[in-house]
Novice: 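If you scroll down you'll find the structure; I have some questions about it.
In what follows, chains are A, B, ... by sequence order, proteins preceding strands, each numbered from 1. Because the structure is a prediction, the values reported are computed rather than measured.
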Protein chains: 2
Amino acid sequence: MDIESSTTTDSAATGLREAKKRETRQLISDRATELFMAQGFERTTIAEIADAARVAKKTVTNYFPRKEDLALDHQDEFVTGLARAVAAREPGESAFVALRRALLSAVAAQDPVAGFAGPEFTRMIVESPTLSACLRGLHDQREEALAIALAAATGTSAADITPRTAASLLAGVHRVLFHRILDLTLAGHGGKEIAAILEAEATRAFALLEPALADYARA
Amino acid sequence: MDIESSTTTDSAATGLREAKKRETRQLISDRATELFMAQGFERTTIAEIADAARVAKKTVTNYFPRKEDLALDHQDEFVTGLARAVAAREPGESAFVALRRALLSAVAAQDPVAGFAGPEFTRMIVESPTLSACLRGLHDQREEALAIALAAATGTSAADITPRTAASLLAGVHRVLFHRILDLTLAGHGGKEIAAILEAEATRAFALLEPALADYARA
DNA sequence: GCAAAAGTTATGACGGAGGTAAAGTTAGAA
DNA sequence: TTCTAACTTTACCTCCGTCATAACTTTTGC
């Protein structure tokens, strides 16, 4: 899922114009990704991307208002992931258990949203201060969405300190493990190897938090 | 303490140049703060600040490489605060107890580093995406420094998942309460009132985490 | 005590991101 | 076919952050 809500529509509108729009957008995104991977995010200018895609500079910034939007996709899926895991938890399951299960299955599936993004993509992000800052913002939004979900699940106000603290703790564990995957990816480890390491470490990390939140927000 | 380590020296070096340097730096900082408060961070250009301080544009960016540096001072104190609290904990005291004590005393003292920065300053930060992103980065650095301190305190590697997770949890609580102070400041509450609210909420927030980390890194 | 050298500071000029306005072009409707 | 609305393009602008250059203060050699 992309940033724009328009992509949630089923491309039902009369095809030709919409189709060309999609193509143009995808073309720009592809060329941008290629250039970012090849020469880094900061070293790539919007003008270069526009030239590579054979469009005007303004067309690029029209589809992607900020340069970071060209690199970080699936933002909405990332931001809402934890909140959705809590909302979809099984009866009798606590938020803690649901989020631990979500992380372990994401690790087992080597889900890009959990941090399995490949060495080039990972290097692109950590080498760019702009993208790193953007990623921090996404983690923040994710925690905020989780706090709202926890407030709803426990029948408390979203301004209350308890759901906000719980969200911070739970999202914090996810964030630590996310960055652990990034670190291991940069160290040259393969996906399967990382998944094996992470399964053990995630279990330990959640075990540390378990005494505090094992029963919080039980459905 | 400022960003530059040069300010740690006692201004012993031959006076004239150093003195003028200090004066110029302070003058720029003062004019910048005035303008930021009056018309907001994003709406203030470096050229305006330079004009107000009667110096060249480049002189401003020479002292303050990035625009954010003009607004956010005391960065080092903020970043190292939690790690220092752990390093200076009393014998028999756990990291959890030391950090709870540090927060409660900072709240009682209405310490700016804890978030008591006044309504204008607070509004300046939250209304500026740039400054908000910068603040997120500082929180991140603070957590990282805490992780290193906890690894040292427990005799584990800084790459280990346990100190990193513990740092995330403890710094997370501090971050939630920091933003709570910001929210209450923006809502128009006074410092004493906020301190009273925060004392109760901080106690609750730490109580939530206590079962997990009460004995972690006991000195 | 003086002059040259060395390091530091301020200055003007430049590249890139992001935004606005107006004109040209193309898809879809009457 | 013709008109309307949208998307793309062009040109221009502001502003941040960096590069090479000029001016100054302190230090060093004589």
Novice: Nearest whole Å is fine: how far is D:dC15 P from A:Arg66 CZ?
Specialist: 21 Å
Novice: Using whole Å, report how far CD of B:Glu42 lies from P of D:dT14.
Specialist: 18 Å
Novice: Would you say D:dT8 has OP1 or OP2 under 4.0 Å from some side-chain N or O of A:Tyr63?
Specialist: yes
Novice: Nearest whole Å is fine: how far is C:dG16 P from A:Phe41 CZ?
Specialist: 15 Å
Novice: If you measure only the distance, is there a donor-acceptor pair under 3.5 Å linking the side chains of B:Glu48 and B:Gln39?
Specialist: yes
Novice: Taking the side chain of B:Thr45 as heavy atoms from C-beta outward, which of C:dA17, D:dG17, D:dC15 is closest to it?
Specialist: D:dC15
Novice: For A:Phe178, check ring-ring contact (aromatic ring centres under 6.0 Å, His included) against everything at least two apart and list the hits.
Specialist: A:Phe78, A:His139
Novice: Under a 3.5 Å cutoff, is there a donor and acceptor pairing between the side chains of B:Glu42 and B:Thr130?
Specialist: yes
Novice: Using a cut-off of strictly less than 4.0 Å between a heavy atom of the residue and any atom of DNA chain C, enumerate the qualifying residues of residues 46-62 of chain A by number.
Specialist: A:Ile46, A:Lys58
Novice: Grab the CD-P distance between A:Glu23 and C:dA27 for me, whole Å please.
Specialist: 12 Å
Novice: Is there a side-chain contact between A:Glu127 and A:Thr122 in this structure, where contact means two heavy atoms from C-beta onward sitting under 4.5 Å apart?
Specialist: no
Novice: What's the CG-C1' distance between B:Leu70 and D:dC15, to the nearest Å?
Specialist: 14 Å
Novice: Check every strand shown and say whether B:Glu68 touches a base, only sugar-phosphate, or nothing at a heavy-atom separation below 4.0 Å.
Specialist: sugar-phosphate
Novice: Expressed in angstrom and rounded to an integer, what is the separation of B:Arg25 atom CZ from C:dT9 atom P?
Specialist: 12 Å
Novice: Of all the nucleotides listed (C:dG18, C:dA10, C:dA27), which has the minimum atom distance to the side chain of B:Thr24?
Specialist: C:dA10
Novice: Between B:Glu34 and B:Arg31, is the closest basic N to carboxylate O distance under 4.0 Å?
Specialist: yes
Novice: Touch check for B:Thr44, heavy atoms < 4.0 angstrom, all strands: base, sugar-phosphate only, or nothing?
Specialist: sugar-phosphate
Novice: Taking ring-ring contact (aromatic ring centres under 6.0 Å, His included) as the test, write out the residues that go with B:Phe206, two or more places apart.
Specialist: B:Phe96, B:His174
Novice: To the nearest Å, how far apart are B:Phe64 CZ and D:dT18 P?
Specialist: 15 Å
Novice: Can you tell me the distance, in whole Å, between the NZ atom of A:Lys21 and the P atom of D:dA5?
Specialist: 17 Å
Novice: Would you confirm whether B:Ser168, through its side chain, and B:Arg164, through its main-chain N or O, come within 3.5 Å as a donor-acceptor pair?
Specialist: no
